[in-house]
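The structure appears right after this line, and notes come after that.
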Amino acid sequence: MFLTETKRFHFLLLLIILHSEVEQAYAVWPMPQQMSQSTDRYPINPQLLAFSYARDSAAQSGCSVLDAAFERYFNLIFPDFVGGTGLSNIWSEPKPFTVSVKVKNGECDGFPDEGSNESYNLSVSAGQAVLKAESVWGALRGLESFSQLVYQDDYNLYFVNKTEIEDFPRFQFRGLLLDTSRHYLPMPAILKTLDAMAYSKFNVFHWHIVDDPSFPYQSRNYPDLSSKGAFHPMTHIYTQSDVKRVIYHARLRGIRVVPEFDSPGHTQSWGKGQPDLLTSCYKGKVPSGTFGPVNPTLSSTYQFLNGLFKEVTSVFPDSYLHLGGDEVDFTCWRSNPNVQAFMAKMGFGSDYTKLESYYMENIVNITAALNKTSIVWQDVFDYRERIPMDTVLEIWKGVPADYRAELGRITLAGYRVLLSAPWYINHISYGQDWRNAYTVQPQNFSGTEQQKKLVIGGEVCMWGEYVDATNLTPRLWPRASAAAERLWSDEEKTSSVDKAFPRLEDFRCTLIRRGIQAEPLFVGHCKHEYSGL
Amino acid sequence: RLATLKVNVWTLLLTVTVCDGWLFDGFAARRHSESDEVALWPLPQKFQTSVDAFRLSSASFQIVHAKESTAGPSCSLLQNAFRRYYSYIFGNGRKHGKNLENVFDADLAELQVQITSADPECDGYPSLKSDESYQLEVNQPTAVLKAASVWGALRGLETFSQLVYEDDYGGQNINKTSISDFPRFAHRGILLDSSRHYLPLKVILANLEAMAMNKFNVFHWHIVDDQSFPFQSRTFPDLSHKGAYHPYTHVYTPADVKMVIEFARMRGIRVLAEFDSPGHTFSWGKGQTGLLTPCFSGSSPSGTFGPVNPILNSTYDFMTRFFKEVSTVFPDAYIHLGGDEVDFSCWKSNPDIQKFMDQQGFGQDYRKLESYYIQRLLDIVSTTNKGYMVWQEVFDNGVKLKGDTVVEVWMNNNVDKELQNVTGSGFTAILSAPWYLDYISYGQDWKKYYTVEPLNFEGTAEQKKLVIGGEACLWGEYVDATNLTPRLWPRASAVGERLWSDENVKDVGSAYDRLVKHRCRMVRRGIPAEPLYIGFCPHEYSGN
């Protein structure tokens with residue numbers, strides 16, 4: 001049939017559209033810094049896919065992180081594979097496909113840390129993929145990208161297209177906060193979250209492990225903290241081996257575990273197992289029977305905290321410890337005559353922010369003496385406390401105008417900063433609120449280049465008031481993935497939310513295929529729907 | 001010591017607490033803390049309870065047919081329910097030791113279920129007229145549940161299972177109790193939307209389970225819509241073959257639909273299917289050419305389609321055959337015909353439709369054309385001997401409706417006025433406007449759903465009687481199998497109590513305490529119902 005010019009044009013347009021759809025099918029989330037692909041595709045037969053260490057790789061067989069990753073990614077790439085004969089490519093002779101990994105420095109038995117190099121290069125050509133990375137942590141990111149490049153056609157055969165990727169994270173600190181105090185999160189929920197974090201290239205699990213409502217951390221030195229402060233002393237706790245398991249699971253995925261022991265506020269549950277730790281509130285001249293923040297006037301307080309932090313820093317290998325320091329209510333301190341006397345003695349007048357500063361300075365120093373770097377919430381900076389310059393401040397308050405101003409102030413003072421204010425994704429609303437998380441510009445504030453470099457990353461926070469194991473996963477994913485791309489990818493290349501939409505839709509179906517119950521962005525379907533409950 | 005506390009239902013817990021201080025010794029005080037664990041949801045109309053506790057032994061406790069019952073072991077609906085509630089009470093295969101001898105006065109040996117009507121309706125389907133009332137007497141050595149039909153017995157079994165509480169030793173106990181209960185409204189529905197996202201069967205069945213735990217009795221299945229047509233029709237297989245997201249993996253086969261209907265029937269739940277037209281039918285057009293109106297751009301077809309084409313005889317031939325099938329597939333006496341949100345712009349663009357409008361003397365009033373379509377559709381459905389339900393626009397647009405039509409009020413502006421108008425015209429109404437649970441927000445929005453009073457509009461007592469219930473709607477734009485269940489429960493439970501319990505049961509504070517426990521009970525039974533606020537369940541959800 002004769003095609004008119006217009007119809008021919010439409011036909012071409014259609015081809016272009018089809019072409020771009022094909023490209024979307026094997027996009028990578030979060031988007032790599034540099035990526036080029038061609039339509040040349042190579043079949044991959046599950047029987048004949050091999051992961052191997054390059055000859056000149058510093059890591060070789062026996063490298064725990066990568067050995068485990070090879071096994072994991074094989075199963076993620078071939079979710080249907082059950083061993084045995086399986087599918088074979090009926091169109092051509094089965095060809096082997098090798099993923100060769102070369103790592104410059106081993107670090108196989110180490111823990112990821114702030115200095116970890118996560119960059120990698122990936123080159124996919126006929127019959128092989130070559131993955132090069134400085135460290136095993138970069139190799140993990142590269143394996144994740146490779147796994148997302150492999151796709152199934154309509155006949156369920158696996159393919160990967162010719163691809164070149166040069167990739168590295170925009171921010172070194174890409175965190176996700178879970179709150180295990182307001183609701184206890186059973187181990188499977190935490191481990192599954194770590195799995196999903198790796199799929200979105202998050203690298204810090206900020207474990208807000210205790211707070212007012214409960215103290216599930218089972219301490220070696222102070223067992224009463226959890227036996228009296230947890231929701232239940234046996235079923236709603238994290239034992240030492242649970243904590244080890246979380247750290248182990250995270251390490252294998254290149255994820256740091258930064259615990260938060262928030263004080264002096266948010267400590268009601270601590271008081272149950274540690275008498276005299278909290279300030280006794282007064283009603284007139286008598287104790288009212290209620291308790292306020294940690295009592296900052298007693299030396300026993302600092303002895304206890306020194307003991308607790310000594311334990312915590314030996315249990316958690318990361319070089320950071322989150323000390324909290326947010327939302328301290330002064331009314332109880334004010335009511336207590338001993339605290340008043342201490343204020344007078346110290347010459348604080350009636351400025352209770354000075355008392356809080358005194359407390360925070362003390363515990364930051366305890367942490368520093370244990371060779372750990374402190375992270376604290378922005379309140380600590382706002383009270384003009386004298387804290388070491390290597391302290392990291394985390395911004396959690398306010399609308400964009402507020403947190404931008406705070407970014408400016410904190411970095412001007414020379415402190416490093418983490419942004420979480422726009423990523424409180426426990427705040428849900430109707431519709432596609434992932435778009436808000438996506439369009440955040442963490443370095444868009446007035447300041448010098450030097451100041452902008454002090455923004456070391458950000459965190460997605462899933463506070464636990466309304467969240468437990470029943471609804472955690474669909475509330476987190478894929479909304480947290482939106483922030484993950486903002487923290488990993490180039491901002492200019494990922495400036496369009498609408499272009500991100502179809503990619504994120506695909507990625508959420510990938511998550512579902514991997515057993516993560518990521519909720520839908522909008523109407524539509526996944527080829528394989530979530531089959532759980 | 002054996003004093004029975006006769007208390008007003010709203011102060012029950014408070015009263016027990018107060019009495020506990022002076023009436024009983026320490027032993028009884030421990031009992032109190034256990035009976036405090038009991039949280040009935042939705043709250044029964046009338047009940048009395050005492051602190052006398054009986055123990056239930058998982059080895060010997062039975063649920064049986066009473067001698068006088070008109071139903072017996074051949075009533076598979078009850079046989080299944082007995083097993084289900086035994087499992088809920090004791091957990092699957094859970095056993096505990098015999099270390100509790102002598103702690104309690106006595107055992108409760110069995111629950112006898114007595115159906116009193118000549119026809120227990122074992123093999124029937126629940127309907128709008130089903131009698132769901134029941135009486136429950138828990139005493140030693142047997143408890144007796146009396147109901148006119150199996151439908152009331154199912155509600156009573158749920159209540160009985162909620163009365164059982166676990167003590168600190170893991171034993172199951174129940175207190176001496178007397179309950180007389182019946183629903184305030186006859187239609188207590190949940191709407192699920194399987195078109196905007198396909199919902200695997202497993203999710204639908206789990207939600208029927210949860211509905212029974214909350215005494216809901218209507219599953220409003222919004223089965224097809226613009227986005228997809230997963231209902232596999234025997235008469236018109238192309239509808240799902242071309243209109244579903246996927247012709248094999250994203251469809252409901254006749255066997256699937258049967259399974260849903262039977263699973264629901266076993267729980268006293270009606271399945272009310274909605275086939276919404278003339279709008280919301282984009283997916284219908286893929287498998288049924290010529291059904292939708294071709295939209296025009298200027299004087300030529302634009303290639304897009306609008307609502308069902310109301311001017312063609314072929315449309316009505318199709319609808320006749322299609323609804324004939326639907327009416328045999330779904331046993332319920334009602335079909336929901338939709339009729340909402342019809343966009344007139346496509347009709348306006350189409351020259352054939354304009355011509356038809358002129359012929360009919362409709363002028364430019366496209367509402368008249370819509371009414372013309374609905375009218376003819378209603379006549380078609382009437383010939384299948386089904387009643388019909390419609391969204392409020394159909395009433396608003398002045399379509400002539402049969403006397404038994406149920407009008408569903410969904411628009412959240414002027415709800416009271418709408419209820420007043422619908423009932424003022426003598427039609428029955430159900431309310432869903434305040435209960436669009438797909439609209440999520442941060443915090444405890446269940447309170448908002450809980451404090452709705454459906455009969456707060458101005459009208460006569462006669463008019464109020466015409467409001468036969470309500471529905472919690474979970475539209476599917478942002479919901480699929482990944483998040484449906486925790487998003488629906490326990491938020492829908494708030495609606496469940498509003499529709500079952502007495503209108504004076506409205507204290508949010510005491511509802512909170514009960515609902516917290518009720519949600520833990522759902523979690524224990526495998527339903528991932530989300531938390532109301534900070535806290536914990538003794539047995540957390542472990543399903544992921």
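Side-chain atoms are counted along with the backbone in the values below, which use heavy atoms only and exclude waters and symmetry mates. The model shown is predicted, which means the values in this text are computed figures rather than measured ones. Numbered from 1 within each chain, the chains take letters A, B, ... in sequence-line order.
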Closest non-hydrogen atom pair, [X] against [Y]:
X         : Y         : answer
Glu540(B) : Pro186(A) : CB-CG, 4.2 Å
His250(B) : Lys527(A) : CE1-O, 3.7 Å
Tyr478(B) : Gln432(A) : CE2-CG, 3.8 Å
Pro486(B) : Asn471(A) : CB-CB, 3.7 Å
Phe536(B) : His236(A) : CD1-NE2, 3.5 Å
Pro531(B) : His183(A) : CB-NE2, 3.2 Å

Part of [X] within contact of chain A (heavy atom distance under 4.5 Å):
X         : value
Val479(B) : backbone
Pro200(B) : side chain
Asp438(B) : both
Gln227(B) : side chain
Glu530(B) : both
Leu484(B) : neither

More than 12 foreign heavy atoms under 6.0 Å from [atom1] of [X]: is that the case here?
X         : atom1 : result
Lys397(A) : NZ    : yes
Arg245(A) : CZ    : no
Met259(B) : CE    : no

| message | Once rounded to the nearest 0.5 Å, what's the spacing between atom OG of Ser181(A) and atom CD1 of Ile534(B)? | response | 8.0 Å

| Atom NE2 of His197(B) and atom CD of Glu529(A): how far apart are they, to the nearest 0.5 Å? | 7.5 Å

Donor-acceptor contact present, side-chain [X] to main-chain [Y], <3.5 Å:
X         : Y         : answer
His525(A) : Arg196(B) : no
His246(B) : Cys526(A) : no
Tyr245(B) : Gly524(A) : yes

| query | Which one, Pro528(B), Ala206(B), Gly535(B), leads in non-hydrogen pairs under 4.5 Å with chain A? | reply | Gly535(B)

| message | Please rank Cys537(B), Gly476(B), Gly443(B), Ser441(B) by heavy-atom pairs under 4.5 Å with chain A and give me the top one. | response | Gly443(B)

Interface moiety of [X] toward chain B, non-hydrogen atoms closer than 4.5 Å:
X         : result
Ser214(A) : neither
Asp212(A) : neither
Ile512(A) : side chain

| message | Heavy-atom pairs under 4.5 Å with chain B - which of Val523(A), Asn426(A), Ile516(A) has more of them than the others? | response | Val523(A)

| field | Residues of residues 488-496 of chain B contacting chain A, heavy-atom criterion under 4.5 Å, by residue number | value | none

| Stepwise side chain to side chain contact (heavy atoms under 4.5 Å, CB included) test for Arg508(A) and Thr482(B) | CA-CA 11 Å; Arg508(A) 97 107 184 167; Thr482(B) 61; 3.8 Å; yes

